[in-house]
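Predicted model only: the values in this text are computed from it and were never measured.
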Amino acid sequence: MTAITAQLSPQLSGVPETLLITLAARLVATRDNPDLGFVDPAAQAVGDALAFDPGRFAGDRASMRGSIVRSLWFDGVARQFVADCPQGLVVSIGSGLDTRANRIAPPPGITWVDLDFPEVIALREALVPSLPNVRHLAGDGTEVAAWVKQLDWEQGRPLLVLAEGVSMYLDPGRGEAWVRDLVDEARRRASPLTFALDLASPLMARHGRRNPSVGKTSASFSWGVRSPADLTRIAPGLALITAYDVAGRSGTMSYIISNLYRLITGRPVYSCALFTAAAP
Ligand SMILES: C[S@@+](CC[C@H](N)C(=O)[O-])C[C@H]1O[C@@H](n2cnc3c(N)ncnc32)[C@H](O)[C@@H]1O
């Protein structure tokens with residue numbers, strides 16, 4: 001065990017511990033899911049520095065594949081935003097040890113902020129290769145009024161909020177308030193908001209502990225939404241641009257569950273969703 005692991009990893013428990021699941025997925029992606037074409041040298045550097053054995057989660061093939069399918073979708077959203085808004089602000093809430101900014105290499109006009117709980121940010125600062133226009137923020141991503149004060153968010157500056165693998169761990173009431181607060185803050189600053197997150201269905205949220213990877217951590221799911229469009233009722237002003245079925249692309253068993261669920265309910269069991277809120 002390296003000094004860094006010995007010093008920092010014991011502090012990871014509860015929801016922060018789940019960042020190890022997605023880190024494992026990135027580390028085994030080229031071996032176990034080569035068809036997805038996911039390449040991430042920075043993640044390899046993080047895994048090496050942490051002396052982390054992805055074997056703890058690698059047997060859960062559906063979660064490993066689903067994590068990469070999801071990551072590639074979020075990468076696409078981020079790439080599109082930095083191309084459309086090269087002076088924009090990106091806030092990645094619950095960034096864990098992800099290396100999205102390293103994969104994307106945002107242009108100099110972009111300010112990119114990776115936000116997570118203090119123990120996770122301490123790990124990021126020690127492990128994730130730094131980039132000139134990427135900074136870290138320690139805090140609770142649902143406390144929007146607190147973290148916006150720490151940003152260079154001028155009136156009218158377009159904002160992209162990414163929240164990958166976060167919403168399902170939130171208390172439902174807190175999750176709903178978080179989405180409303182994001183929309184309100186963007187409106188107050190006359191800024192167009194782009195918001196990407198993944199959403200569990202109520203069924204998935206109820207059975208989080210049965211997920212073979214989540215079950216190995218001390219975390220569990222809390223918030224499920226019936227359909228991505230529900231967020232537009234929770235936070236008026238949000239418009240749903242697209243929803244992307246992750247489960248249907250995460251291996252045979254997930255594909256079957258996804259299709260059965262859709263057949264019975266007409267809704268996705270687990271999806272990523274992209275929203276916008278126009279500036280007033
Ligand atoms: C499943 S991990 C995903 C990490 C990263 N997004 C990825 O895809 O590799 C969930 C992350 O969300 C963070 N998280 C959950 N709730 C949060 C909150 N309210 N504020 C900040 N971070 C949060 C956890 O600490 C953890 O790092």
Side-chain angles (χ1 to χ4, degrees), residues 15-16 18-19 21-23 25-26 38 40 42-43 66-107 109-117 120-121 124 128 131 133-144 147-148 150-153 157-170 175 178-179 181-183 185-186 191-200 223 225 228 231 235 238-244 246 270-277:
V15 183
T18 63
L19 66 81
I21 302 172
T22 45
L23 174 62
R26 289 188 286 279
F38 182 85
D40 193 338
S67 295
I68 299 304
V69 166
R70 183 176 83 182
S71 269
L72 289 167
W73 181 85
F74 276 89
D75 283 3
V77 168
R79 285 204 168 91
Q80 189 65 53
F81 177 82
V82 304
D84 292 346
C85 308
Q87 306 297 320
L89 174 63
V90 180
V91 179
S92 170
I93 295 178
S95 48
L97 286 177
D98 87 17
T99 33
R100 169 152 301 112
N102 305 77
R103 292 196 296 277
I104 306 267
I110 293 282
T111 304
W112 183 296
V113 181
D114 282 308
L115 193 166
D116 209 304
F117 294 121
V120 177
I121 292 301
R124 283 194 73 85
V128 176
L131 291 167
N133 49 340
V134 177
R135 56 173 283 217
H136 294 133
L137 200 54
D140 183 331
T142 62
E143 291 176 0
V144 180
W147 59 254
V148 293
Q150 300 178 60
L151 302 179
D152 298 324
W153 189 7
R157 188 175 192 190
L159 172 70
L160 168 65
V161 174
L162 304 169
E164 180 184 6
V166 175
S167 72
M168 58 289 291
Y169 297 106
L170 302 177
W178 169 58
V179 176
D181 289 349
L182 280 175
V183 174
E185 282 295 342
S191 290
L193 169 70
T194 307
F195 180 32
L197 77 171
D198 50 324
L199 293 161
W223 188 25
V225 297
L231 260 58
L238 267 191
L240 176 64
I241 303 303
T242 182
Y244 179 76
V246 178
Y270 175 50
S271 55
C272 292
L274 179 67
F275 298 88
T276 57

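Between Asp140 and Trp147, the closest heavy-atom pair is O-CD1, 3.5 Å. Contact record, Trp112 with Ser92: NE1-CB, 4.3 Å, taken as the closest heavy-atom pair. Smallest separation of non-hydrogen atoms from Thr99 and Ala42: CG2-CB, 3.6 Å. Residues Leu23 and Ala43 come closest through the heavy atom pair CD1-O, 4.3 Å. Contact detail for Cys272 and Val246: the closest heavy-atom pair is SG-CG2, 3.5 Å. A pairwise comparison of heavy atoms in Pro106 and Ala101 identifies CD-O, 3.3 Å as the closest pair.
Put simply, the residue from Val120, Leu162, Leu137 that forms a side-chain contact (heavy atoms from CB on, under 4.5 Å) with Leu115 is Leu137.
The distance from the CZ atom of Phe275 to the CG atom of Leu197 is 6.0 Å, given to the nearest 0.5 Å. Taken from CZ in Phe81 to OG1 in Thr194, the straight-line distance is 5.5 Å, to the nearest 0.5 Å. For the atom pair Asn102 CG and Leu131 CG, the distance stands at 4.5 Å (nearest 0.5 Å). Rounding to the nearest 0.5 angstrom, the gap separating the OG1 atom in Thr142 from the CD1 atom in Ile93 is 8.5 Å. Rounding to the nearest 0.5 Å gives a distance of 10.5 Å between CG of Leu238 and CG of Leu274. The CD1 atom of Ile121 lies 5.0 Å from the OG atom of Ser95; values are rounded to the nearest 0.5 Å.
Evaluation of the ring pair (Phe, Tyr, Trp, His ring centres under 6.0 Å) rule for Tyr270 yields no partner, not counting sequence neighbours. With sequence neighbours excluded, the residues that form a side chain to side chain donor-acceptor pair (under 3.5 Å) with Ser191 are Trp153. Applying the side chain to side chain donor-acceptor pair (under 3.5 Å) rule to Asp84 yields the partners Gln80; only residues at least two apart in sequence or on another chain are considered. By the side chain to side chain donor-acceptor pair (under 3.5 Å) test, Arg157 is found to be paired with Thr111, residues two or more places apart in sequence or in another chain being considered. Under the side chain to side chain donor-acceptor pair (under 3.5 Å) criterion, Trp223 pairs with no residue, sequence neighbours left out.
In this pair, Trp178 and Phe195 present their aromatic rings perpendicular. The plane angle is above 60°, beyond the 30 to 60° band.
Considering only heavy atoms from C-beta on, Leu160 stays 4.5 Å or farther from Val82 through its side chain. Two residues are said to be in side-chain contact when any heavy atoms from C-beta on lie closer than 4.5 Å; Val128 and Leu97 meet this criterion. Two residues are said to be in side-chain contact when any heavy atoms from C-beta on lie closer than 4.5 Å; Val113 and Gln150 fail this criterion. Two residues are said to be in side-chain contact when any heavy atoms from C-beta on lie closer than 4.5 Å; Asp181 and Glu143 fail this criterion. Using a 4.5 Å cut-off on side-chain heavy atoms (C-beta onward), Val90 and Ile104 make no contact. With contacts defined as side-chain heavy-atom distances shorter than 4.5 Å, the pair Val183/Leu193 qualifies.
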Under the side-chain contact (heavy atoms from CB on, under 4.5 Å) criterion, do His136 and Asp116 qualify, and how do the steps go? CA-CA 8 Å; His136 294 133; Asp116 209 304; over 6 Å; no
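No side-chain donor-acceptor contact under 3.5 Å links Asp114 to the backbone of Val134. One N or O on the side chain of Asn133 and one on the backbone of Pro107 form a donor-acceptor pair closer than 3.5 Å.
Residue pairs meeting the salt bridge (charged side-chain N to carboxylate O under 4.0 Å, His left out) criterion with at least one member in residues 91-100, sequence neighbours excluded: Asp75-Arg100, Asp98-Arg100, Asp98-Arg124, Arg100-Glu164.
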